[in-house]
Amino acid sequence: MNIADQVYSAADSATQDRAQTIRDQLRDAIVDRRLAPGTKLSEGEVGTLFDVSRTVARAALQMLSFEGLVRTERNRGAFVANPSPEEARQVFASRRLIEPGIAIAACGRVAAADIVAFKAQLDEEGRFIAERGPHARRSEIKASGDFHLLLASVAGNAILLRFMEELVARSSLVIALYGRSGASACGHSEHTGIVGALESRDSGLASRLMLHHIDHIEADLDLRVRAGPALREALNF
C-alpha cells in the first residue's frame, strides 16, 4: 500500500468510526424511547447536530436502517421505525421462540460470577424503579433490556446475542408505541424469579418463567400511539 492509499484508508476508517459513534447515540435515543417512532431523521439535521458531512450522517442512518430501527422512504428521507401492530406481534412471537431456549442454555453455563452480575443488574433496575422523572424512567427501560442481553451473553451463543440486540431494540419501539404503563413493561420481580431459576440451575423453570415474562410484556400493549420529542431535544442539543 502506497502513501496515498494509506491516507485514503485512514480517512475511510475515521469516517466509519464517526458514523458508528453517531449510530450509537441515535440508537441509544431510540432504544431509550427519547426518539419516538415516526420521528424524522434528516441527514442535514443529523449532520449539523454532530458537525459532520451529510455523507457521514447518511452512513449512520443506513446502519440503523439495516438493524430495522430506521426506515427510509424515497423522496422523504429517514424516520424512526414505526412498527405496525402486526410487526409488534411478530417481535414478541420471535422472542417466545428464542428466549426460553436462551434461558435453558444460560442455565447450563451460568457461573457464580454471572449470578453476581445478574444481581447487580437487578439492584440497578430496583434503584431506577424507586426514582422518579423521565431520566430514571429511561434508565429503567435500558436496564430492563440489558438484563435480557446479559442472559443472552451468558448463554454463550454470539449469533443469538446479535438477534437479541435487535429484538430488544425493536421491543423498545413497540413498547414506546403501544405500552400502557409509564415505566418499563419488563417486570423487575419476574427478572428476579428468572435469576433464582438460573442460580438453582433449573432450566425448565427458567424457560417457563421467561415465556410467562414475555407474555406479560406483550399483555401491556394497547395499540395507542404516543408522541415524543423532536430530534434536537431527544439528543439534548
Side-chain angles (χ1 to χ4, degrees), residues 9-73 76-83 87 91 121 124-125 127-128 131-150 152-153 158 161-179 182-186 225-237:
S9 178
D12 289 344
S13 178
T15 296
Q16 184 175 358
D17 289 346
R18 189 63 179 133
Q20 182 69 44
T21 298
I22 296 168
R23 171 264 182 196
D24 291 345
Q25 290 195 47
L26 290 173
R27 186 184 188 279
D28 286 346
I30 293 169
V31 172
D32 294 350
R33 305 198 304 180
R34 287 178 281 130
L35 275 174
T39 301
K40 183 174 177 60
L41 301 173
S42 160
E43 290 178 4
E45 185 178 9
V46 171
T48 298
L49 291 176
F50 289 97
D51 193 23
V52 297
S53 68
R54 291 175 68 99
T55 299
V56 176
R58 185 180 305 117
L61 294 173
Q62 287 173 341
M63 293 178 188
L64 292 167
S65 177
F66 181 76
E67 295 178 74
L69 298 181
V70 164
R71 75 176 192 278
T72 56
E73 299 181 11
R76 293 195 65 213
F79 300 82
V80 176
N82 191 354
E87 289 171 329
V91 166
Q121 184 68 38
E124 184 176 4
E125 286 182 24
R127 184 171 69 255
F128 292 130
E131 295 178 3
R132 294 291 182 270
H135 175 72
R137 183 173 299 163
R138 291 194 298 267
S139 297
E140 179 197 345
I141 292 166
K142 183 178 186 304
S144 294
D146 287 346
F147 174 90
H148 291 267
L149 296 180
L150 177 58
S153 178
L161 177 57
R162 289 291 301 274
F163 285 161
M164 281 306 304
E165 288 173 348
E166 180 174 337
L167 284 173
V168 166
R170 287 178 180 245
S171 295
S172 294
L173 284 177
V174 168
I175 293 168
L177 270 178
Y178 304 126
S184 169
C186 247
V225 177
R226 288 175 170 79
L231 175 61
R232 178 177 294 275
E233 287 74 23
L235 295 173
N236 297 317
F237 278 93

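Note that the structure is a prediction, hence the values are computed from the model and not measured.
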Can you tell me how far apart [atom1] ([X]) and [atom2] ([Y]) are? Round to the nearest 0.5 Å.
{"X": "L161", "Y": "F163", "atom1": "CG", "atom2": "CZ", "answer": "11.0 Å"}
{"X": "D24", "Y": "M63", "atom1": "CG", "atom2": "CE", "answer": "8.5 Å"}
{"X": "L26", "Y": "R34", "atom1": "CG", "atom2": "CZ", "answer": "9.5 Å"}
{"X": "D146", "Y": "L150", "atom1": "CG", "atom2": "CG", "answer": "8.5 Å"}
{"X": "R71", "Y": "L41", "atom1": "CZ", "atom2": "CG", "answer": "9.5 Å"}
{"X": "L173", "Y": "R170", "atom1": "CG", "atom2": "CZ", "answer": "8.5 Å"}

Check [X] against [Y] and note the closest heavy-atom contact, atom names and distance.
{"X": "F128", "Y": "A143", "result": "CD1-CB, 4.2 Å"}
{"X": "A152", "Y": "M164", "result": "CB-CG, 4.0 Å"}
{"X": "V52", "Y": "A57", "result": "CG2-N, 4.2 Å"}
{"X": "A78", "Y": "V70", "result": "CB-CG1, 3.8 Å"}
{"X": "G68", "Y": "A81", "result": "O-CB, 3.5 Å"}
{"X": "A59", "Y": "A19", "result": "CB-CB, 3.9 Å"}

Pairwise side-chain contact, [X] with [Y], heavy-atom cut-off 4.5 Å (strictly under):
{"X": "Q121", "Y": "E125", "answer": "yes"}
{"X": "T72", "Y": "L61", "answer": "no"}
{"X": "T39", "Y": "I30", "answer": "no"}

- Item | Partner residues of A169 under the side chain to side chain contact (heavy atoms under 4.5 Å, CB included) criterion, sequence neighbours left out |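 Side chain to side chain contact (heavy atoms under 4.5 Å, CB included) list for A169, sorted by chain: R27, V31, L69.
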
Any donor-acceptor N/O pair, [X] side chain to [Y] backbone, under 3.5 Å:
{"X": "R18", "Y": "F50", "result": "yes"}
{"X": "S153", "Y": "L149", "result": "no"}
{"X": "E43", "Y": "T55", "result": "no"}

- Could you tell me whether R162 atom CZ has more than 12 heavy atoms of other residues or ligands within 6.0 Å of it?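 It does not: R162 CZ has 12 such atoms or fewer within range.
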
